Amino acid sequence: LFIHTVKMGFTTLVLGVCGFLLRAALLNKSSSEWLAKRIEISTPVSSWRRVVEGVTLLDHGYSPYEGDIYHQSPLILAFFRGLSGVPLAVEAVFLLTDLLIAYAFYHIAQLYQSAILAHEKSEKKTYAKGVDQILYKSWDNIGVQVALAYWLNPFAIVTCASRSTTVLTTFMLTWSILAAMRGRLLATCLGLALASHHDPYMAVMAIPLAMLICQKTKSGLLQCIIQTLLVFGALSALLLGLAFHFSGGSWDFVQATYGFVFTVPDFTPNVGVFWYLFTEMFAHFRTFFLWVFQLHVFFYILPAGMRLWRHPFFLVYLMAHVVGLFKSYPAVGDTVLPLTLLCLWRHLFMYVRSLLVISCMFLASIILMPTFWYLWIIAGSGNANFFYSGTLAYNLAHVMLLSGTVTAFLRREFDLKHGTTPPQIDGKPAIVILE
């Protein structure tokens with residue numbers, strides 16, 4: 001046992017150092033600038049190049065929000081402007097932020113395992129006979145392995161190396177989830193307010209996090225939701241006030257940030273579907289479909305919340321995945337958090353269908369998107385349809401993974417109550433239909 005523990009510790013150390021060195025190597029100027037130009041990694045609302053341009057405009061006495069260059073919060077601009085004169089400060093910030101995200105995942109995994117083991121132990125009397133094989137089994141070193149799943153994720157590495165501000169959003173949301181699992185209302189709302197200040201879609205996470213706090217503190221559900229929304233709203237208003245102060249007493253940043261995100265005026269290609277559909281759409285249909293696409297992200301919280309209110313942590317994963325997929329300017333870094341959380345539900349994989357197909361679609365889309373981009377933009381032998389087909393494959397793989405995981409979760413819950421062997425009807429096994 002001692003030798004096995006030493007080997008595990010040595011392997012973990014080696015992998016951790018490899019992840020660190022890989023990030024540090026890619027954060028050099030040439031590699032980082034090349035990655036920052038990749039439209040799969042950086043978007044108009046997360047691009048480091050635009051942050052640099054915003055700081056330059058501010059240093060020369062111009063408002064970064066007057067043109068169509070900078071579309072992020074004045075707080076981010078003020079923060080990185082303060083670091084502009086410190087050598088290697090920016091690189092250190094992104095490395096440290098990524099390291100703290102992995103550290104947060106370590107504790108999230110530990111807390112989740114403790115919670116699910118305690119829950120299944122308390123509910124075991126209500127379970128059907130013969131379900132031992134689908135019960136959650138304790139996972140040694142789960143915190144370390146989930147942290148490494150984030151630390152070695154290629155999407156997380158290139159997002160950090162490109163200095164995309166998506167890293168900051170992931171950091172704020174991850175620590176907000178950890179605070180909610182510990183029942184800390186103020187810390188949860190502060191992290192969520194910071195995340196949604198930079199990415200307004202993150203506001204949809206308020207309800208799942210409120211449910212998570214309720215589960216930990218054993219308070220009334222409605223009371224927790226109201227308290228969370230009130231504190232979250234107050235902190236968001238405070239951040240808007242600070243942004244107003246740092247923008248020189250002007251509200252121009254509101255239209256340039258939140259207005260830009262929700263009206264989608266920039267059709268720069270990305271891994272999402274907004275850019276292509278709104279490029280091809282007739283102008284008189286634009287407003288209607290803009291409402292449809294934007295409300296689509298926020299719609300799921302109602303039916304999913306009513307169905308999964310007893311399982312708020314899974315609801316957190318579900319909504320994080322939905323936001324990462326269907327926001328107006330997505331990048332590959334937006335799905336790193338839900339993909340890491342997915343490691344916690346390894347006991348569901350036996351129920352997920354077509355895992356091989358989903359894996360192949362991920363691999364194919366990751367190869368096809370840069371290839372088709374080259375054919376379209378560099379070689380001039382392709383067109384937008386080429387690149388869009390790659391993004392469709394990428395999004396379809398995520399949708400299949402998400403729907404398969406939700407179906408697996410619900411099916412396992414059904415099997416725990418009714419058994420894994422279907423009942424006999426007229427001498428034939430019944431077919432279970434989840435509605």
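This structure is a prediction, so every number in the text was calculated from the model and none was measured.
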Is the number of heavy atoms from other residues, nucleotides or ligands under 6.0 Å of [X] [atom1] greater than 12?
X      : atom1 : value
Trp291 : CH2   : no
Phe267 : CZ    : yes
Tyr62  : OH    : no
Arg286 : CZ    : yes

As an exercise, state the distance from [atom1] of [X] to [atom2] of [Y], rounded to the nearest 0.5 Å.
X      : Y      : atom1 : atom2 : answer
Leu100 : Phe171 : CG    : CZ    : 5.0 Å
Ser114 : Ile142 : OG    : CD1   : 9.0 Å
Thr217 : Arg182 : OG1   : CZ    : 15.5 Å
Ile69  : Glu66  : CD1   : CD    : 10.5 Å
Ser138 : Leu117 : OG    : CG    : 5.5 Å

Among side-chain atoms of [X] and [Y], is any donor-acceptor pair under 3.5 angstrom?
X      : Y      : answer
Ser46  : Thr43  : yes
Thr56  : Asp59  : no
His198 : Thr169 : yes
Gln72  : Thr257 : no
Asn28  : Ser30  : yes
Ser164 : Ser162 : no
His347 : Tyr351 : no
Gln113 : Trp139 : no

Indicate the ring-plane relationship of [X] and [Y], choosing parallel, tilted or perpendicular according to the 30° and 60° boundaries.
X      : Y      : value
Tyr106 : Tyr103 : parallel
His398 : His321 : perpendicular
Tyr201 : Phe298 : parallel
Tyr65  : Phe253 : tilted

[X] side chain near [Y] side chain, heavy-atom distance below 4.5 Å:
X      : Y      : answer
Asn385 : Trp376 : no
Leu341 : Ile108 : yes
Ile41  : Trp48  : no
Phe244 : Ser250 : no
Phe20  : Val17  : no
Met181 : Ile213 : no
Ser32  : Leu26  : no
Tyr112 : Ile116 : yes

Work out which heavy atom in [X] is nearest to a heavy atom in [Y]; give both atom names and the distance.
X      : Y      : answer
Leu192 : Ser176 : N-OG, 3.6 Å
Ala320 : Leu337 : CB-CD2, 3.9 Å
Leu27  : Cys160 : CD2-O, 3.6 Å

Under the ring-ring contact (aromatic ring centres under 6.0 Å, His included) test against Tyr329, which residue among Phe274, Trp275, Phe260 passes?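 Of Phe274, Trp275, Phe260, ring-ring contact (aromatic ring centres under 6.0 Å, His included) with Tyr329 is met by Phe260 alone.
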Would you please test Arg50 and Asp266 for salt bridge (Lys or Arg N to Asp or Glu O under 4.0 Å) and show each step? CA-CA 14 Å; Arg50 297 198 181 215; Asp266 192 320; 3.7 Å; yes
Determine whether a donor-acceptor pair (N or O, by modelled atom type, separation under 3.5 Å) exists between the side chain of Ser328 and the backbone of Val261.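 Side chain of Ser328 to backbone of Val261: a pair is present.
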Expected output: side-chain Arg412 to main-chain Ile134 donor-acceptor under 3.5 Å: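 Present.
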For the pair Glu33 and Arg49, evaluate salt bridge (Lys or Arg N to Asp or Glu O under 4.0 Å) and give the outcome as yes or no after the intermediate values. CA-CA 8 Å; Glu33 288 181 352; Arg49 299 171 67 200; over 6 Å; no
Output side-chain donor-acceptor pairs under 3.5 Å for residues 221-240, partner residues at least two apart or in another chain, one line each.
unit_1 : atom_1 : unit_2 : atom_2 : d
Thr228 : OG1    : Cys224 : O      : 2.7
Ser236 : OG     : Phe232 : O      : 2.8

Tell me if the aromatic rings of [X] and [Y] count as close, with their centers under 6.0 Å from one another.
X      : Y      : answer
Phe285 : Phe288 : no
Phe278 : Phe293 : yes
Phe105 : Trp175 : no

ring-ring contact (aromatic ring centres under 6.0 Å, His included) between Phe372 and Phe386, intermediate numbers included: CA-CA 6 Å; Phe372 287 158; Phe386 282 52; 5.6 Å; yes
Between His311 and Phe409, does a ring-ring contact (aromatic ring centres under 6.0 Å, His included) hold up when you go through it step by step? CA-CA 10 Å; His311 308 282; Phe409 182 86; 5.0 Å; yes
